[in-house]
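Only one structure is covered here, and it is reproduced in the block below.
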Number of protein chains: 2
Amino acid sequence: MADRSSHSTKPIRTPLSGEDDLDLSVIELFFFAYRDFTSDPDQILEAYGFGRAHHRVLYFVNRKPGLTVAELLDVLQITKQSLARVLKQLIDTGHIVQVQGPRDRRQRELYPTGKGRQLALDLAKPQSRRIRAALESVDGSARAVIQDFLKAMVNPELRPQIDHLPSAGAISKGADE
Amino acid sequence: MADRSSHSTKPIRTPLSGEDDLDLSVIELFFFAYRDFTSDPDQILEAYGFGRAHHRVLYFVNRKPGLTVAELLDVLQITKQSLARVLKQLIDTGHIVQVQGPRDRRQRELYPTGKGRQLALDLAKPQSRRIRAALESVDGSARAVIQDFLKAMVNPELRPQIDHLPSAGAISKGADE
DNA sequence: AAAAATATGTCAACATAGCTGACATAAATT
DNA sequence: AATTTATGTCAGCTATGTTGACATATTTTT
């Protein structure tokens, strides 16, 4: 019987498994780990009527206060129309404020307010707790290895983005009022 | 001037950084790593008119052929209405077939076809390549540490799900025709 | 045997978060 | 003065999730 394009519709009963050069265990661990990693903040955000998109915006604005709209779009890799909606909500609810760029007045620098900083902290806490617990359950020296691994998973051409964030080690010297 | 709920709208200029017990570097590395990890298959799926949802269904059906709809819903943690759409497309395009459960004839066992297996392989390859490259860039003994870490990131009550997948090591004994 | 529970499917309506394309405005650059 | 750039906004589309209601076949319980 003619089956389309050389494949039959016969059910395959053998599980796909990492014989060849397939690393299925890391693939699926990554999937499950990320799913649960994002579930912590998702629950908190629900109470605010926010979603994961708001979280990402809030996170990076807190991580690099004063970043412009264009820079944020670059990090998030979404369109400005897509950003507009969530950003507007975060501004309307007083989590983020816009400041006209001091050099280039076309630019809008984005800053968290006290409220926005507090929410960012609240969202980061359960995630940090999960990470800490996971690190404790493995070797003590694992931390550097895991960071290196995760960084190596990122596209090389996009790694500069990460490096340009104020590193957890080297705190930048800005003084708030 | 009265500001709502004890917070001012004054812009905060200090970057959020991991002073307290905040593990920002792993938080953001995880975000970037997962983003790029999923971008490989996304590109392939586009050619088929499929999305990430199709990928997940196809993946787990290949990983555990014969799983029922209910089991799949359990793994994916979505509603049956949500699953219905993508599953229908995968069946219509001949990537997955349904077989009436042999014991309980209400159940629908899901199996990949040759075509569905092939696509699953094509999607897993670039992800495995990325993982392999990342593992090579770190210590050789890192593999076990990273797997343990990722597993520890998963909610304890959901870990059985992972363990019940045919592990890359112990291949189950099913014989295809 | 009848009733209840279960596994699945389906219809309709809705929400979120992404997208493209088009156009407007203000400010900077040429 | 003309052009480019940074941002904003309108309108409509898609993908993927949601809830609620209901239908059907089959199994389990009474």
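Reminder, nothing fancy here: chain letters follow the sequence lines and each chain counts from 1.
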List the atom pairs, with distances to 0.1 Å, where a side-chain N or O of residues 72-85 of chain A and a protein N or O form a donor-acceptor pair under 3.5 Å, not counting sequence neighbours.
from	atom 1	to	atom 2	distance (Å)
A/Thr79	OG1	A/Ser82	N	3.4

Of all pairs that satisfy salt bridge (charged side-chain N to carboxylate O under 4.0 Å, His left out), the ones with a partner from residues 37-50 of chain B, not counting sequence neighbours: B/Asp40-B/Arg130, B/Asp42-B/Arg52
Phosphate oxygens OP1/OP2 of D/dT16: is one of them under 4.0 Å from a side-chain N or O of B/His54? yes
Rounded interatomic separation in angstrom, taking CG from A/Leu110 and P from D/dA6: 15 Å
Any pair with a residue in residues 137-149 of chain B that passes salt bridge (charged side-chain N to carboxylate O under 4.0 Å, His left out), sequence neighbours left out, goes on the list, sorted by first then second residue, please. A/Asp23-B/Arg143
Can you list everything that forms a side-chain contact (heavy atoms from CB on, under 4.5 Å) with A/Glu157? Sequence neighbours excluded, please. A/Asn155
Could you tell me how far apart A/Lys88 (NZ) and C/dT16 (P) are, to the nearest whole angstrom? 15 Å
Applying side chain to side chain donor-acceptor pair (under 3.5 Å), can you list everything that pairs with B/Glu136, at least two apart in sequence or on another chain? none
Give every pair of a protein N or O atom and an N or O atom of nucleotides 28-30 of chain D that lie under 3.5 Å apart, one pair per line with the distance.
none

With sequence neighbours left out, the residues meeting side-chain contact (heavy atoms from CB on, under 4.5 Å) with B/Asp21 are A/Arg132
Give the ring-plane orientation class for A/Tyr34 versus B/Phe30, where under 30° counts as parallel, over 60° as perpendicular and anything between as tilted. tilted
Could you check how far CZ of A/Arg108 sits from C1' of C/dA27, rounded to whole Å? 10 Å
Tell me if the centroids of the rings in A/Phe50 and A/His95 come within less than 6.0 Å of each other. yes
Test for a donor-acceptor pair under 3.5 Å between the base of C/dG18 and the side chain of A/Arg52, counting only N and O atoms. no
Run the side-chain contact (heavy atoms from CB on, under 4.5 Å) test against B/Gln127 and tell me which residues pass, sequence neighbours left out. A/Ile27, B/Phe37, B/Pro41, B/His55
Of residues 67-82 of chain A, the positions that come close to DNA chain C - non-hydrogen atoms, cut-off under 4.0 Å: A/Gln77, A/Ile78, A/Thr79, A/Gln81, A/Ser82
To the nearest Å, how far apart are A/Gln89 CD and C/dA17 P? 8 Å
Could you state the CG-P distance from A/Leu90 to D/dG8, rounded to the nearest angstrom? 13 Å
Return the 5'-most residue of the pair B/Arg85, B/Gln107 with respect to DNA chain C, ranking by each residue's nearest nucleotide. B/Gln107
Sorted by first residue and then second, give each salt bridge (charged side-chain N to carboxylate O under 4.0 Å, His left out) pair with at least one member in residues 25-37 of chain B; sequence neighbours left out. A/Arg63-B/Glu28
With sequence neighbours excluded, residues passing side-chain contact (heavy atoms from CB on, under 4.5 Å) with A/Arg106: A/Asp104
Mind calculating the distance between CZ (B/Arg103) and C1' (C/dT8) to the nearest angstrom? 19 Å
Taking the nucleotide of DNA chain C with the closest heavy atom to each, which residue, B/Ala84 or A/Gly51, is nearer the 5' end? B/Ala84
Kindly state which residues belonging to residues 38-50 of chain A come within less than 4.0 angstrom of DNA chain C, counting heavy atoms of the residue only, listed by number. none
B/Leu87 has an atom CG; how far is it from atom C1' of D/dT16, in whole Å? 15 Å
SB check A/Asp163 A/Arg159 (cutoff 4.0 Å): no
Could you tell me the separation between the CD atom of A/Gln98 and the C1' atom of D/dT7, rounded to a whole number of Å? 9 Å
